[in-house]
Amino acid sequence: PEAAPPLPALPAGAVCLVTGGAGGLGRALAGHLVARHGARVVLSGRRASVQGRLPDGVTYLSADVADAAAVAAAVTRVVATHGRLDAVFHLALVLRDGRLTGTSAADFAAPLAPKAVGTANVLAAAARAGAGRAVMFSSANAFAGVDGQANYVAGSCLQDAIAGAWPGPMRVQTIDWGLWGEVGAVADPATQARLRRAGIHPILPADGLRIVDLVLGRDISRLAAVAAEPHALAGLGWSEDGDDTGDLAGHVAAFRALEC
């Protein structure tokens, strides 16, 4: 069969909200949405303000995605300022790595707040505002699990499940990301060097943003994006063309071996 034709990525002059946008990945995405799509972008995060100059066409407001009222107020402010909300990109995350036996209840729950509760809050507020699209930035860890990240994996799985089951006309898309390079929460050299030795490579920002454009232009509900050598993919039970033929237990064991 012929491939489905590309879909309109974003409407002209689209108004976009990027949650969890105070870090490097949020700024990179915002700059891309402005430059590539002519969007007007509002970044949001838990910080009261952001340091440094934001790209032209980008503003910032403070809102904790785990607080439904704060998210609703932020969306209301975006609509009041720009007249509408067309799309939301949910990037918020919290990392509290550690062995489960030594993890407190608060530390275990911390990643679930932005990933699970935050996803539900953001989707609900965006849908009420009439947004046509929501893109969830999740993690490829949801497919296999990572030693020391049970809480983050659980949050990513819940995020994917909430997004996948979201009802209504708003199109909800999920990207399960591998390791981002240069920007993002795990862009530190030590982590990237360890994963490179296992055959897992960082996704360069330019490549990641091209993947975002691919998702925006296609009727894709969920996509995993991982940069890895063939032996690393094989160790996870994945093939280079994305065909997943292994069982979950094999994925878990392989991913733990790669990450150790």
Margin query: Checking H32 now: which residues fulfil ring pair (Phe, Tyr, Trp, His ring centres under 6.0 Å) with it, not counting sequence neighbours?
Written below: H37
Margin query: Please determine whether side-chain contact (heavy atoms from CB on, under 4.5 Å) holds for the pair L93 and K115, giving the CA-CA distance in whole Å, both sets of side-chain angles, and the decisive distance to 0.1 Å.
Written below: CA-CA 6 Å; L93 63 84; K115 284 290 187 182; 4.1 Å; yes
Next item on the list: Mind listing the closest non-hydrogen atom pair of L112 and A154 along with its distance?
Entry: CD1-CB, 4.4 Å
Check: Same cluster for L17 and V122 if Ile/Leu/Val/Met/Phe/Trp/Tyr side chains link at under 4.5 Å?
Finding: yes
Check: With sequence neighbours excluded, what pairs up with T19 under the side chain to side chain donor-acceptor pair (under 3.5 Å) test?
Finding: H90
Notebook entry, point to check: Are V50 and L61 connected in a single hydrophobic cluster, I mean Ile/Leu/Val/Met/Phe/Trp/Tyr linked by side-chain heavy atoms less than 4.5 Å apart?
Noted result: no
Margin query: For the OH atom of Y60 and the CD atom of Q51, what is their distance to the nearest 0.5 Å?
Written below: 11.0 Å
Item checked: Nearest heavy-atom neighbours spanning V34 and G57 -> CG2-O, 4.1 Å
Next item on the list: Grab the two heavy atoms, one from A126 and one from V88, that are nearest each other, plus how far apart they are.
Entry: CB-CG1, 3.8 Å
Notebook entry, point to check: Which heavy atom in R40 sits nearest to a heavy atom in G13, and how many Å separate them?
Noted result: NH2-O, 3.0 Å
Notebook entry, point to check: Going only through I, L, V, M, F, W and Y residues with side-chain contacts under 4.5 Å, is there a path from L91 to L223?
Noted result: yes
Next item on the list: Would you give the length of the straight line joining atom CG of D160 to atom CE of M136, rounded to the nearest 0.5 angstrom?
Entry: 10.5 Å
Margin query: Do F89 and W180 sit in one hydrophobic cluster, given that two such residues count as connected whenever their side-chain heavy atoms are within less than 4.5 Å of each other, even indirectly?
Written below: yes
Note to self: Among residues at least two apart in sequence or on other chains, which ones pass side chain to side chain donor-acceptor pair (under 3.5 Å) with R210?
What the structure shows: D207
Checklist line | Identified side-chain contact (heavy atoms from CB on, under 4.5 Å) partner of V58 from the options L29, L33, V18, V41 | finding: V41
Item checked: Worked check of side-chain contact (heavy atoms from CB on, under 4.5 Å) between L216 and V212 -> CA-CA 6 Å; L216 290 176; V212 172; 4.0 Å; yes
Next item on the list: Of all the heavy-atom pairs spanning A70 and D64, show the shortest one and how long it is.
Entry: CB-O, 4.0 Å
Next item on the list: Could you identify which residues cluster with V117, counting Ile, Leu, Val, Met, Phe, Trp and Tyr as linked when any side-chain heavy atoms lie under 4.5 Å apart, either directly or through a chain of such contacts?
Entry: none
Checklist line | side chain to side chain donor-acceptor pair (under 3.5 Å) contacts touching residues 69-84 (sequence neighbours left out) | finding: R84-D86
Check: In the single-linkage hydrophobic clustering (I, L, V, M, F, W, Y; side-chain heavy atoms under 4.5 Å), do L123 and L85 co-cluster?
Finding: no
Note to self: As a test of understanding, state which of D176, T174, T119 forms a side chain to side chain donor-acceptor pair (under 3.5 Å) with Q159.
What the structure shows: T119
Checklist line | Between CG on residue D67 and CZ on residue R46, distance to nearest 0.5 Å | finding: 12.0 Å
Margin query: To the closest 0.5 Å, what do you measure between CG (L179) and OG (S139)?
Written below: 10.0 Å
Next item on the list: Work out which heavy atom in L10 is nearest to a heavy atom in A87; give both atom names and the distance.
Entry: CD2-CB, 3.9 Å
Margin query: Under the rule for ring pair (Phe, Tyr, Trp, His ring centres under 6.0 Å), what residues qualify as partners of F137, not counting sequence neighbours?
Written below: W177
Notebook entry, point to check: Among R133, R222, R218, whose side chain to side chain donor-acceptor pair (under 3.5 Å) with Q173 holds?
Noted result: R133
Item checked: Straight-line distance of S62 OG to L43 CG, nearest 0.5 Å -> 12.0 Å
